[in-house]
Amino acid sequence: ALPSEGVERRVTIEALLRTQRALTVTGGPGSGKTTLLGHLAVCYALSLHPDKREDPVRHVLELPDDTGLLPVFLPLRQYRAFLKGKRTKAEAEGPEASDLLAFAAHYYAEKKVPGINREFFEAHLDTGCVFLLDGMDEVSPDVRETLRHEILALRRRLEGDRELLAPHRIIVTARPAAVAGLGALDRFHQAAILEFTPDDQQRLVAALYAHMSFSGEPPTAQEGDPVSLAKRFLHLVHKGSHTAHLRNLAATPMLLTIMAVLHHEEQEEALTDLPRLFKVATERILRKWNLDDREIAPRPLRLTDAVHLNRDQVLNGLLRPLGVFFLDRHQESVTQQSFLAKVSDLIRVLGYAEQDARDAAMALVDQFIEERAGLIVWRGLNDYGFLHNQFRDYLAATDFQQRVEGGCLSTDSLICELLPRLAREHWTHLAIPMLIRLLDDSGGRQREVASGLVAAILAHPDTDGRRGENLLLGA
């Protein structure tokens with residue numbers, strides 16, 4: 001945690017909540033920001049259940065005064081589309097606290113939760129709410145300042161004349177840059193999610209293995225109780241032959257979880273580096289997504305009677321190009337209309353007729369995205385995206401790498417496509433560095449392409465003070 005006085009100290013979220021009601025929680029991708037808010041939402045929701053014997057707010061979070069508060073989880077990346085819709089209807093201009101409540105009502109209406117409207121949330125303001133606002137960094141800069149004023153206005157309304165936020169809470173998550181400097185939320189305590197220590201890793205992996213054993217996951221060749229399995233896995237991470245790569249990856253909760261699951265399934269070959277890790281994880285998720293597909297006997301994804309896509313077509317023809325598509329629209333809502341149009345175009349490229357491609361795209365949305373958990377998910381508010389941005393970035397990088405490998409992209413063509421993207425932080429954070437590594441590790445012509453790309457990045461003129469980032473990226 002990073003208290004306002006500037007002194008850093010390590011605390012648990014439970015201890016922090018006992019002293020702070022307005023929090024900004026920052027962390028890198030995969031650090032657990034959304035998972036943290038999801039955990040809090042479940043705890044508060046269960047505390048409202050009249051038949052629940054053990055109140056998790058009282059016994060897990062150790063916040064007895066918070067029992068009965070209504071959790072309101074909101075993905076802020078969808079706020080821009082909501083605000084745009086309000087403005088097109090000539091509704092009230094300027095930041096008002098009611099706008100966030102209207103956004104909450106609209107979001108849950110889109111999720112088809114019955115009986116939810118703004119009046120529902122207004123009524124619960126009398127008894128207390130916990131506003132869990134996820135991903136301020138995913139709001140485009142032109143809207144972020146408006147959203148900041150909205151959040152502060154909501155706090156003022158909740159405080160009222162008493163100038164006390166209790167019994168309410170407001171917790172906002174973001175990557176650090178989005179709430180730094182002028183973007184900071186006034187009178188919000190700032191905390192940062194720290195990297196996992198070996199002890200943190202031990203507890204998480206042991207709990208994960210215990211859950212997998214209890215939930216009836218398929219048995220593996222690995223024997224032992226969850227604690228012993230966790231110790232064996234972490235020995236591989238910290239003292240194995242690939243420890244230089246794995247130790248850094250294990251500090252991020254999401255990557256640690258993926259690694260632990262793959263290790264549990266005897267897929268230790270995945271635990272070598274980041275691209276390999278995402279490659280195996282992506283393949284595993286695809287097999288879970290297509291219930292007819294098996295590693296020993298692969299079967300195509302049947303979208304319609306006319307369109308059957310094998311695993312390579314799904315990965316190379318759909319998911320990888322969609323990684324680029326979504327990454328280019330990082331801070332925008334991808335509507336069903338634009339998503340269907342893109343998927344339809346990609347299926348037509350695979351050799352199907354236009355109408356068959358349209359029908360298959362609709363089936364993909366209806367049967368495989370909105371009904372099953374997979375790499376692409378429906379987020380409500382007519383918005384689609386990847387399960388996690390790191391999967392999106394990996395697929396975008398491998399799309400370019402596959403096109404280079406297949407001879408579809410020359411060095412000059414690749415440079416022309418990527419240089420304009422250097423001005424976009426979400427491209428330079430993971431996708432382009434991973435692409436350079438993939439090309440370099442492949443050797444031969446691809447290594448020459450990587451060298452040419454790095455040289456072009458180093459020679460690229462400074463834009464918006466990003467020269468240092470370009471140099472670091474090139475290195």
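Along the sequence shown, the residues carry numbers beginning at 1. What you see below is based on every heavy atom in this structure, not just the backbone, and it leaves out hydrogens, waters and symmetry mates.
Nearest heavy atoms, D393 versus A431: O-CB, 3.8 Å. Between A360 and I347 the shortest heavy-atom distance is CB-CD1, 3.7 Å. Residues R148 and G183 share a closest heavy-atom pair of CD-O, 3.4 Å. Among all heavy-atom pairs drawn from L350 and G317, the shortest one is CD2-CA, 4.2 Å. Taking both residues in full, the closest heavy atoms of S31 and P253 are given as O-CG, 3.2 Å, listed atom of the first, atom of the second, then distance. Closest non-hydrogen pair, G30 versus H388, comes out as N-NE2, 3.3 Å.
Summarising the geometry, atom CD belonging to Q446 is positioned 13.5 Å from atom CD1 belonging to I436; distances are rounded to the nearest 0.5 Å. Annotation: the span from L132 atom CG to L36 atom CG amounts to 8.5 Å, rounded to 0.5 Å. Taking CG of L133 as the reference point, atom CD1 of I171 lies at 9.0 Å (rounded to 0.5 Å).
When ring centroids are compared, H168 and F131 stay outside the 6.0 Å threshold. Between F82 and Y107, the distance from one ring center to the other does not fall under 6.0 angstrom.
Looking at H124 and V72, their side chains never come closer than 4.5 Å, going by heavy atoms from C-beta outward. Annotation: side chain of I193 is not in contact with side chain of T26 (no heavy-atom distance under 4.5 Å). F391 places none of its side-chain heavy atoms less than 4.5 Å from the side chain of F326. By the 4.5 Å heavy-atom criterion applied to side chains, L395 and L322 are not counted as neighbours. T67 is not listed as a side-chain neighbour of L48, based on a closest heavy-atom distance of 4.5 Å or more. Looking at L375 and L319, their side chains come closer than 4.5 Å, going by heavy atoms from C-beta outward. Put simply, the side chain of N389 reaches to within 4.5 Å of the side chain of E138, judged on heavy atoms. Proximity of I151 to F188: side-chain heavy atoms (C-beta onward) are separated by under 4.5 Å at one or more points.
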Inset, instruction - Please assess L61 against H39 for the test side-chain contact (heavy atoms from CB on, under 4.5 Å), listing each intermediate value before the final yes or no. - result: CA-CA 10 Å; L61 301 181; H39 169 67; 4.0 Å; yes

Legend entry - Steps toward salt bridge (Lys or Arg N to Asp or Glu O under 4.0 Å) verdict (R58, E62): CA-CA 5 Å; R58 179 183 296 272; E62 300 179 353; over 6 Å; no

Inset, instruction - Could you please spell out the steps behind the side-chain contact (heavy atoms from CB on, under 4.5 Å) verdict for L262 and L277? - result: CA-CA 9 Å; L262 294 177; L277 186 67; 3.9 Å; yes

Inset, instruction - Applying side-chain contact (heavy atoms from CB on, under 4.5 Å), run through Y384 and K342 and close with a yes or a no. - result: CA-CA 12 Å; Y384 296 81; K342 180 62 177 178; over 6 Å; no

Inset, instruction - With side-chain contact (heavy atoms from CB on, under 4.5 Å) as the test, would you mind laying out the steps for L249 and L256 before giving the verdict? - result: CA-CA 7 Å; L249 300 181; L256 175 65; over 6 Å; no

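The aromatic rings of W427 and F400 lie perpendicular to each other, with more than 60° between the two planes, well past the 30° mark. Ring orientation note: the planes of Y394 and F278 are close to parallel, at an angle under 30° on the 30°/60° scale. By the 30° and 60° cut-offs, the orientation of the rings of H426 relative to H330 is parallel.
Judged purely by atom type and a 3.5 angstrom limit, Y209 uses its side chain to pair as donor or acceptor with the backbone of A260. A donor-acceptor distance shorter than 3.5 angstrom exists from the side chain of R144 to the backbone of D137, with no hydrogens or angles considered. Between the side chain of S47 and the main chain of Y44, a donor-acceptor pair closer than 3.5 Å is present. At distances below 3.5 Å, at least one donor-acceptor pair connects side-chain atoms of T243 with backbone N or O atoms of H238. A distance-only check finds no donor-acceptor pair linking the side chain of K33 to the backbone of T173 [under 3.5 Å]. Looking only at distances, no side-chain donor or acceptor of S344 sits under 3.5 Å from a matching main-chain atom of A341. Using modelled atom types, no side-chain atom of R447 and backbone atom of S442 make a donor-acceptor pair closer than 3.5 Å. A donor-acceptor distance shorter than 3.5 angstrom exists from the side chain of R21 to the backbone of P167, with no hydrogens or angles considered. A donor-acceptor pair under 3.5 Å is formed between the side chain of T335 and the backbone N or O of S338.
With salt bridges taken as basic N to acidic carboxylate O contacts below 4.0 Å, one links R437 and D441. With respect to E14 and R18, no salt bridge is recorded, no charged nitrogen being found less than 4.0 Å from a carboxylate O. Using a 4.0 Å cut-off between charged nitrogen and carboxylate oxygen, D200 and R10 count as a salt-bridge pair. Here R421 pairs with D328 in a salt bridge; the nearest charged N to carboxylate O distance falls below 4.0 Å. With respect to D66 and R169, a salt bridge is recorded, a charged nitrogen being found less than 4.0 Å from a carboxylate O.
Listed by chain and residue number, nothing satisfies the side-chain hydrogen bond (donor to acceptor under 3.5 Å, both in side chains) test with Q390 (two or more places apart in sequence, or in another chain). For D399, the salt bridge (Lys or Arg N to Asp or Glu O under 4.0 Å) test picks out R403, with sequence neighbours left out.
For R392 and F325, the positive end is not near the middle of the six-membered ring at less than 6.0 Å and at most 45° from its axis.
Within a 6.0 Å radius of CD in E195, other residues, nucleotides and ligands contribute 12 heavy atoms or fewer.
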